[in-house]
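Quick notes on the structure that follows.
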Amino acid sequence: AQTVTQSQPEMSVQEAETVTLSCTYDTSESDYYLFWYKQPPSRQMILVIRQEAYKQQNATENRFSVNFQKAAKSFSLKISDSQLGDAAMYFCAYNTNAGKSTFGDGTTLTVKP
Amino acid sequence: GAVVSQHPSWVICKSGTSVKIECRSLDFQATTMFWYRQFPKQSLMLMATSNEGSKATYEQGVEKDKFLINHASLTLSTLTVTSAHPEDSSFYICSANSPGTQETQYFGPGTRLLVL
């Protein structure tokens, strides 16, 4: 069975600084997808970024980028120029073509003004 | 992008009553939808996979007679919590896969259920 581990229950960052959230996963599949979702206080899940395992290039979306290390089964999220609106719970997730996702336990990010 | 709605956004009910939560894909058809339960500051727990035109697939430990799922059309799945009890109080979230990207899920805004 696939597992997703987020080892940082809580993280904090100063506004305008950079923070990295960690995620590791375990799978025997070779073709899969990885995601970071943001859940703000409204509790609406928002897709932040996705990465296809077959792509070596790290995905980027504006201030959000990932460091995907397939051999190490690591998928960290870097948030640059942190903003107050980035404060939320962040979930790392794994999926295959079957469509069913496995989520990590989440990391609560606090942004300090 | 793909939009998923849920109704109601919150509901309070008496113990013993049944509550129905609707999940709709607004601008796309979803053959598969997922239902999650989330407790405060915890991760999403998958309850079941809802398949249009067939029976839902429930995760281990989820009572199928307690949580009835119906996927009546390509844009609507419903979750009915039958004979609700206070321990059923939780945040329920549905999601659907956008067509063409089966691996990417789009989430509804969630439904807060409080059973008194």
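So you know, we letter chains A, B, ... as the sequences are listed, proteins then strands, and number each from 1.
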query: Just how far is it from atom CZ of B:F107 to atom CG of A:L47, taken to the nearest 0.5 Å?
result: 9.0 Å
field: Under 4.5 Å from a heavy atom of chain B, the part of A:Q6 involved
entry: neither
message: Using the rule that Ile, Leu, Val, Met, Phe, Trp and Tyr join whenever any side-chain heavy atoms are under 4.5 Å apart, tell me whether A:F68 and A:I79 fall into a single cluster.
response: yes
query: Which region of A:M89, side chain (C-beta onward) or backbone (N, CA, C, O), has a non-hydrogen atom less than 4.5 Å from a non-hydrogen atom of chain B, or is it both or neither?
result: side chain
- prompt: With a 4.5 Å heavy-atom cut-off, do B:R112 and A:R43 have their side chains touching?
  reply: yes
- line: Between the OG1 atom in A:T102 and the CG atom in B:L44, the distance rounded to the nearest 0.5 Å is 11.5 Å
query: Is atom CD of A:Q57 surrounded by more than 12 heavy atoms (other residues, nucleotides or ligands) closer than 6.0 Å?
result: no
- prompt: What part of A:T108 lies closer than 4.5 angstrom to a heavy atom of chain B: side chain, backbone, both or neither?
  reply: neither
Residues B:K41 and A:E10 bridged, charged N to O under 4.0 Å: no
field: Any residue meeting salt bridge (charged side-chain N to carboxylate O under 4.0 Å, His left out) with B:K66, in chain and number order, not counting sequence neighbours
entry: B:D88
- request: Take A:N95 and B:Q105 through the test side chain to side chain contact (heavy atoms under 4.5 Å, CB included) and record every step on the way to the result.
  value: CA-CA 9 Å; A:N95 205 338; B:Q105 293 188 33; 3.9 Å; yes
query: Same hydrophobic cluster for B:Y36 and B:I21, using side-chain heavy-atom links shorter than 4.5 Å among ILVMFWY?
result: no
message: Please determine whether the number of non-hydrogen atoms from other residues, nucleotides or ligands lying under 6.0 Å from atom NZ of A:K73 exceeds 12.
response: yes
query: Any side-chain heavy atom of B:L46 sitting closer than 4.5 Å to one from A:K100?
result: yes
query: Is a side-chain donor or acceptor of B:S43 paired with a backbone partner of A:G104 at a separation under 3.5 angstrom?
result: yes
- prompt: Excluding sequence neighbours, so at least two apart, what forms side chain to side chain donor-acceptor pair (under 3.5 Å) with A:N67?
  reply: A:Q69
message: Taking the side chain as everything from C-beta on, heavy atoms only, tell me whether A:F35 gets closer than 4.5 Å to B:T104.
response: yes
- request: Measure distances from A:F91 to the heavy atoms of chain B and classify the residue's part below 4.5 Å as side chain, backbone, both or neither.
  value: side chain
field: Option in B:M45, B:Q6, B:Q38 with maximal non-hydrogen atom pairs under 4.5 Å from chain A
entry: B:Q38
- prompt: Are A:L84 and A:V48 co-members of a hydrophobic cluster defined by side-chain heavy atoms under 4.5 Å apart?
  reply: yes
query: Between B:Y106 and B:M33, is there a shared hydrophobic cluster once you connect ILVMFWY residues whose side-chain heavy atoms come closer than 4.5 Å?
result: no
field: A:S42, part contacting chain B, at a heavy-atom distance under 4.5 Å
entry: backbone
- line: Rounding to 0.5 Å, atoms CD (A:Q44) and CD1 (B:I93) come to a distance of 8.5 Å
query: Does A:F64 belong to the same Ile/Leu/Val/Met/Phe/Trp/Tyr cluster as A:L21, with side-chain heavy atoms less than 4.5 Å apart forming each link?
result: yes
